[in-house]
Amino acid sequence: MNEPYPNAVDGPPNLAAEIEALGSTLRRVRDQIDRVIFGQRNVIDQTLITLLAGGHALLIGVPGLAKTRLVETLGTVLGLDDRRVQFTPDLMPADILGSEVLDEPEPGRRSFRFIKGPVFCQLLMADEINRASPRTQSALLQAMQEHQVSIAGVRHGLPKPFHVLATQNPLEQEGTYPLPEAQLDRFLMQIDVDYPDLDAERRMLKMTTGGEETRLSTIMSHTELFAAQRLVRLVPVGESVVEATLGLVRSGRPESSETEEVKRHVSWAPGPRASQALMLAVRARALIDGRLSPSIDDVIELAGPVMRHRMALNFAARADGISIEQVVQRLCDPLR
């Protein structure tokens with residue numbers, strides 16, 4: 001992979017200044033979100049990285065960990081038009097995409113009119129996405145990949161930027177439909193949402209059970225976010241980071257891996273889209289921190305969120321008590 005600018009000073013005019021300015025703005029965004037989302041700094045950072053990289057995220061956590069509140073907060077702070085769809089077994093594709101209705105504005109004159117569904121927004125929360133049928137889940141495929149939908153043979157473009165933040169409950173699996181590999185691969189990251197620590201939960205109790213509501217400010221606009229996404233792709237990447245990214249992803253494939261654990265336990269491996277996602281993610285992480293280029297530490301830090309939903313283990317691995325997280329961390333060991 002040949003980078004157009006091997007270092008910041010060789011890039012377009014003022015690239016370093018733009019990166020530093022955006023890093024400062026993003027730190028204000030992060031601090032603003034911290035005011036209402038307690039003890040979830042990693043989740044906030046990974047979600048912001050996903051949005052900066054122009055991707056979609058799958059948030060997995062038990063109920064009550066502020067996943068819905070996070071999406072609402074992001075919509076406010078980033079100036080995005082956000083919508084929420086509760087996925088249920090009886091949800092139909094038209095409930096998400098929209099449908100055509102027969103209009104009769106005047107007697108004898110009939111025509112079809114397209115009524116847009118909730119997918120026509122900039123930030124869509126697909127709540128408990130695995131509770132909907134595969135047919136409804138697949139309705140999001142074209143929207144997530146192409147940023148457009150086809151209704152009755154007519155293509156309708158979605159707003160820019162467009163992001164899907166989907167949630168899943170890891171506990172209740174009865175009555176759910178696992179997401180197919182093709183749709184999982186369209187999520188740039190799988191973000192695991194864990195319980196907050198003691199201090200964060202104490203602060204949450206004091207702040208959320210009083211009579212005063214925290215008011216949020218809009219720090220960025222959707223046009224500024226769109227510009228930031230373009231800037232992410234200009235962040236220079238060193239050859240060592242490129243090789244680390246390629247080596248990490250390719251080592252997760254049984255046919256090309258030198259790791260015996262991968263050959264024995266992995267049944268579905270990450271494809272080229274994983275390399276692309278990881279490259280964009282490390283660039284975005286450097287930008288959030290105000291750094292001019294990413295490091296191998298960024299690759300190690302984001303390997304789990306980018307790869308864990310793009311890999312599957314076989315029966316032998318499950319019988320041996322091996323987890324995806326353990327395999328990914330084993331792949332990262334040569335980079336440490």
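Side-chain atoms are counted along with the backbone in the values below, which use heavy atoms only and exclude waters and symmetry mates.
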Tell me, which pairs form a salt bridge (charged side-chain N to carboxylate O under 4.0 Å, His left out) where one or both residues lie in residues 313-322, sequence neighbours left out? R264-D320
Donor-acceptor under 3.5 Å (S267 side chain, A312 main chain): yes
Is there a path of hydrophobic side-chain contacts, each under 4.5 Å between heavy atoms of I, L, V, M, F, W or Y residues, that connects I60 with L70? no
Could you measure the distance from the CG atom of D197 to the CD atom of Q40? Nearest 0.5 Å is fine. 9.0 Å
For L188 and H309, work out which heavy atoms get closest and say how close. O-CE1, 3.9 Å
Just to verify, what does D194 make a salt bridge (charged side-chain N to carboxylate O under 4.0 Å, His left out) with, not counting sequence neighbours? none
With rounding to the nearest 0.5 angstrom, report the CG to CG distance, L22 to L287. 4.5 Å
Hphob cluster co-occupancy, M279 + V328, side-chain heavy atoms under 4.5 angstrom: yes
Taking side chain to side chain donor-acceptor pair (under 3.5 Å) as the definition, give me every residue that meets it alongside D185, ordered by chain and number, with sequence neighbours left out. R273, R310
So which atom in M311 and which in V327 form the shortest heavy-atom distance, rounded to 0.1 Å? CE-CG1, 4.0 Å
For R113, enumerate each residue passing the salt bridge (charged side-chain N to carboxylate O under 4.0 Å, His left out) test, keeping only those at least two apart in sequence or located in another chain. D103
Check salt bridge (charged side-chain N to carboxylate O under 4.0 Å, His left out) between E224 and all other residues, then give those that pass, not counting sequence neighbours. none
Please check if the side chain of Q137 supplies one atom and the backbone of Q183 the other of a donor-acceptor pair under 3.5 Å. no
Audit row: K206, R203, side chain to side chain contact (heavy atoms under 4.5 Å, CB included) steps and yes/no: CA-CA 5 Å; K206 294 179 180 178; R203 188 161 61 98; 5.9 Å; no
Quick check against the 3.5 Å criterion: does R186 have a side-chain atom that pairs as donor or acceptor with the backbone of A182? yes
For P89, give me all partners under side-chain contact (heavy atoms from CB on, under 4.5 Å), at least two apart in sequence or on another chain. none
Would you indicate whether the side-chain heavy atoms of Q86 and L91 approach each other to under 4.5 Å? no
Is the count of non-hydrogen atoms from other residues, nucleotides or ligands lying under 6.0 Å from E255 atom CD greater than 12? yes
Strictly distance-based, threshold 3.5 Å: is any side-chain N or O of D45 a donor or acceptor partner for the main-chain N or O of N42? no
Smallest heavy-atom separation, E18 atom then L231 atom, equals OE1-CD1, 3.6 Å
Would you mind writing out the side-chain donor-acceptor pairs for residues 93-101 within the sub-3.5 Å range, not counting sequence neighbours?
| unit_1 | atom_1 | unit_2 | atom_2 | d |
| --- | --- | --- | --- | --- |
| D95 | OD2 | M92 | N | 2.9 |

Taking atom NZ of K263 as the centre, report whether more than 12 heavy atoms of other residues, nucleotides or ligands fall under 6.0 Å from it. yes
Within a reach of under 6.0 Å around CZ of R69, are more than 12 heavy atoms found that belong to other residues, nucleotides or ligands? no
Can you name the closest pair of heavy atoms from V237 and P294 and give their distance? CG2-CG, 4.0 Å
Are the side chains of R308 and L58 in contact, using a 4.5 Å heavy-atom criterion? no
Result of checking L179, L59, V193 against Q168 for side chain to side chain contact (heavy atoms under 4.5 Å, CB included): L179
How about OH on Y195, more than 12 heavy atoms from neighbouring residues, nucleotides or ligands closer than 6.0 Å, or not? no
Measure the spacing between CG of L15 and CD of E20 and express it to the nearest 0.5 Å. 10.0 Å
Any residue meeting side-chain contact (heavy atoms from CB on, under 4.5 Å) with T223, in chain and number order, not counting sequence neighbours: S221
Residues L26, L52; criterion side chain to side chain contact (heavy atoms under 4.5 Å, CB included); working and verdict: CA-CA 10 Å; L26 291 171; L52 283 172; 3.5 Å; yes
Are F187 and I191 connected, step by step, through hydrophobic side chains (Ile, Leu, Val, Met, Phe, Trp, Tyr) whose heavy atoms are closer than 4.5 Å? no
Examine distances only and state if a side-chain atom of Q122 and a backbone atom of H222 form a donor-acceptor pair shorter than 3.5 Å. no
Determine yes or no for a side-chain-to-main-chain donor-acceptor pair under 3.5 angstrom, with T218 supplying the side chain and V77 the backbone. no
Same cluster or not: L292 versus V232, using hydrophobic residues (I, L, V, M, F, W, Y) connected whenever any side-chain heavy atoms lie under 4.5 Å apart? yes
Side-chain contact test, heavy atoms from C-beta onward, threshold under 4.5 Å: evaluate it for N314 versus H265 and give yes or no. yes
Please test R84 against D82 for salt bridge (Lys or Arg N to Asp or Glu O under 4.0 Å), starting from the C-alpha separation and ending with a verdict. CA-CA 7 Å; R84 177 178 178 271; D82 62 286; over 6 Å; no
Audit row: V282, E301, side chain to side chain contact (heavy atoms under 4.5 Å, CB included) steps and yes/no: CA-CA 9 Å; V282 299; E301 185 69 25; over 6 Å; no
Decide if atom CZ of R83 counts as having more than 12 heavy atoms of other residues, nucleotides or ligands within a radius under 6.0 Å. yes
Sorted by chain and residue number, the salt bridge (charged side-chain N to carboxylate O under 4.0 Å, His left out) partners of D297 (sequence neighbours excluded) come out as none
What is the distance from atom CZ of R285 to atom CG of L280, rounded to the nearest 0.5 Å? 15.5 Å
For a side chain to side chain contact (heavy atoms under 4.5 Å, CB included) check, start with the C-alpha distance between M307 and L248, then their side-chain angles and the critical distance, and finish with the verdict. CA-CA 10 Å; M307 294 178 63; L248 178 65; 3.9 Å; yes
Could you tell me whether the side chain of R35 and the main chain of R215 form a donor-acceptor pair under 3.5 Å? yes
Check side-chain contact (heavy atoms from CB on, under 4.5 Å) between L102 and all other residues, then give those that pass, not counting sequence neighbours. R110, F112
Would you list the atom pairs, donor with acceptor, under 3.5 Å between side chains in residues 152-165 and any protein atom, with sequence neighbours excluded?
| unit_1 | atom_1 | unit_2 | atom_2 | d |
| --- | --- | --- | --- | --- |
| H163 | ND1 | G55 | O | 2.8 |
| H163 | NE2 | Q229 | NE2 | 2.9 |

Smallest heavy-atom separation, A126 atom then L140 atom, equals CB-CD1, 4.4 Å
Checking T208 now: which residues fulfil side-chain contact (heavy atoms from CB on, under 4.5 Å) with it, not counting sequence neighbours? F38, M204
Keeping the roles fixed (side chain from T50, backbone from A57), state whether a donor-acceptor pair exists under 3.5 Å. no
Once rounded to the nearest 0.5 Å, what's the spacing between atom CG of L225 and atom CG of L74? 10.0 Å
Could you check whether any side-chain N or O of Q32 sits under 3.5 Å from a backbone N or O of S217, counting only pairs where one atom can act as donor and the other as acceptor? yes
Interatomic distance, CG@L123 vs CG@L78, rounded to 0.5 Å, equals 8.0 Å
Ignoring hydrogens and geometry, is there a side-chain-to-backbone donor-acceptor pair from T76 to E72 under 3.5 Å? yes
Do NZ/NE/NH1/NH2 and the carboxylate oxygens of R202 and D199 come within less than 4.0 Å? yes
Do you reckon I288 sits in the same ILVMFWY cluster as L80, going by side-chain contacts under 4.5 Å, direct or chained? yes
